[in-house]
Enquirer: 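Following this message is one structure expressed as structure tokens.
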Amino acid sequence: QVQLVESGGGLVQAGGSLRLSCAASGSIFSINVMGWYRQAPGKQRELVAVITSGGSTNYADSVKGRFTISRDNAKNTAYLEMNNLKPEDTAVYYCNAPSLRVSDSEWEYDLWGQGTQVTVSS
């Protein structure tokens, strides 16, 4: 029932900025945690940042100080503001929700978006 859809990816020069959005659609009661992952070709998917419904955040060391995760609980949308982008940030970025409450007694687990490509040129 519920889907996550990422948007905002694109091509940017090193040092530039992008803002990614992840919109959850469908019948949703709550989403406790939303996160951003990324995967470069031939590499493992890695966690970039996570945020709880209360606003607590965690970041990968490689993006600390450059990326900011945020969310709008009313819109069930998470964002990833990426500043001072580097070529090594090039990857497909995925939104993830470990669990979503969709009714009084129902949950969905490990929901992923389709990904959005971020390419940072030298």
Side-chain angles (χ1 to χ4, degrees):
Q1 290 273 44
V2 181
Q3 296 185 76
L4 302 179
V5 179
E6 303 97 333
S7 62
L11 175 64
V12 65
Q13 294 183 0
S17 299
L18 286 172
R19 190 179 82 152
L20 307 183
S21 297
C22 171
S25 63
S27 297
I28 302 169
F29 274 29
S30 63
I31 309 173
N32 288 335
V33 177
M34 300 183 76
W36 286 96
Y37 289 72
R38 66 186 182 187
Q39 187 169 26
K43 295 186 176 181
Q44 299 272 19
R45 187 172 298 186
E46 63 177 355
L47 178 67
V48 176
V50 296
I51 185 168
T52 70
S53 59
S56 297
T57 59
N58 281 288
Y59 297 91
D61 288 341
S62 59
V63 307
K64 286 181 179 178
R66 300 188 298 119
F67 291 11
T68 302
I69 188 170
S70 61
R71 63 188 288 171
D72 185 334
N73 290 333
K75 296 181 179 180
N76 288 319
T77 300
Y79 306 92
L80 186 67
E81 182 72 33
M82 304 184 293
N83 299 310
N84 191 24
L85 283 161
K86 303 176 180 180
E88 53 262 42
D89 296 319
T90 295
V92 177
Y93 284 71
Y94 297 91
C95 182
N96 172 252
S99 64
L100 305 90
R101 188 176 184 180
V102 297
S103 75
D104 286 340
S105 58
E106 295 181 79
W107 295 263
E108 294 187 8
Y109 301 101
D110 199 26
L111 189 65
W112 293 87
Q114 83 289 346
T116 185
Q117 177 71 48
V118 172
T119 302
V120 184
S121 62
S122 302

Enquirer: Does the side chain of Leu20 reach to within under 4.5 Å of the side chain of Val118, using non-hydrogen atoms?
Expert: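 Leu20 reaches Val118 side chain to side chain.
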Enquirer: Under 4.5 Å between any side-chain heavy atoms of Val12 and Met82, yes or no?
Expert: no
Enquirer: I want to check something: taking the side chain as every heavy atom from C-beta on, are Glu6 and Tyr93 in contact at a cut-off of under 4.5 Å?
Expert: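 Counting from C-beta outward, Glu6 and Tyr93 never come under 4.5 Å.
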Enquirer: Restricting to non-hydrogen atoms, name the atom on Tyr109 and the atom on Ser99 that form the minimum distance, rounded to 0.1 Å.
Expert: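 Heavy atoms of Tyr109 and Ser99 come nearest at CD2-CB, 3.6 Å.
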Enquirer: Which value, rounded to the nearest 0.5 Å, describes the distance between Leu100 atom CG and Met34 atom CE?
Expert: 7.5 Å
Enquirer: Between Ser103 (side chain) and Ser105 (backbone), is there a donor-acceptor pair under 3.5 Å?
Expert: yes
Enquirer: Evaluate the side-chain proximity of Ser62 to Arg38: yes if any heavy-atom separation is below 4.5 Å, no if none is.
Expert: yes
Enquirer: Quick check for you: to the nearest 0.5 Å, what is the distance between Tyr59 atom OH and Leu47 atom CG?
Expert: 11.5 Å
Enquirer: Between Asn76 (side chain only) and Ile31 (backbone N and O only), is there a donor and an acceptor less than 3.5 Å apart?
Expert: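 Absent.
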Enquirer: Which heavy atom in Ala40 sits nearest to a heavy atom in Ala91, and how many Å separate them?
Expert: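 Scanning both residues, the minimum pair turns out to be N-CB, 3.8 Å.
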Enquirer: Is Lys86 salt-bridged to Asp89, cutoff N-O under 4.0 Å?
Expert: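 No salt bridge links Lys86 with Asp89.
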Enquirer: Got more than 12 heavy atoms from elsewhere within 6.0 Å of CD, Gln44?
Expert: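 Count not over threshold, so no.
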Enquirer: Spell out, as yes or no, whether a donor-acceptor pair under 3.5 Å connects the side chain of Arg101 to the backbone of Phe29.
Expert: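 A pair under 3.5 Å: no.
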Enquirer: Closest heavy-atom contact between Asn84 and Ser17?
Expert: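 Distance-wise, the nearest heavy atoms are N-OG, 4.2 Å.
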Enquirer: Is any side-chain heavy atom of Leu85 closer than 4.5 Å to a side-chain heavy atom of Phe67?
Expert: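 Heavy-atom side-chain distance check passes, below 4.5 Å.
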Enquirer: Do Asn96 and Arg45 have side-chain heavy atoms sitting under 4.5 Å apart?
Expert: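 No. Closest side-chain heavy atoms not under 4.5 Å.
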Enquirer: Would Leu111 end up clustered with Val50 when hydrophobic side chains under 4.5 Å apart are linked, directly or stepwise?
Expert: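 Different hydrophobic clusters.
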Enquirer: Quick one: do Val63 and Leu80 end up in the same hydrophobic cluster if we chain Ile, Leu, Val, Met, Phe, Trp and Tyr together by side-chain heavy atoms under 4.5 Å apart?
Expert: yes
Enquirer: Do Trp112 and Val33 belong to the same hydrophobic cluster, where Ile, Leu, Val, Met, Phe, Trp and Tyr are linked whenever their side-chain heavy atoms lie under 4.5 Å apart, directly or via other members?
Expert: yes
Enquirer: Is there a side-chain contact between Ile51 and Trp36 in this structure, where contact means two heavy atoms from C-beta onward sitting under 4.5 Å apart?
Expert: no
Enquirer: Drop me the distance from Tyr79's OH to Asp72's CG, to the nearest 0.5 angstrom.
Expert: 5.0 Å
Enquirer: Give the minimum heavy-atom separation between Ser53 and Arg71, together with the two atoms involved.
Expert: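 Shortest heavy-atom separation between Ser53 and Arg71 comes out as N-NH1, 3.3 Å.
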Enquirer: Drop me the distance from Glu81's CD to Ile69's CD1, to the nearest 0.5 angstrom.
Expert: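 Answer for the CD-CD1 pair, Glu81 versus Ile69, is 12.0 Å.
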Enquirer: To the nearest 0.5 Å, what is the distance between NZ (Lys75) and CD1 (Ile28)?
Expert: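 So the gap between those two atoms works out to 14.5 Å.
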Enquirer: Are Thr90 and Gln117 close enough that some pair of their side-chain heavy atoms sits under 4.5 Å apart?
Expert: yes
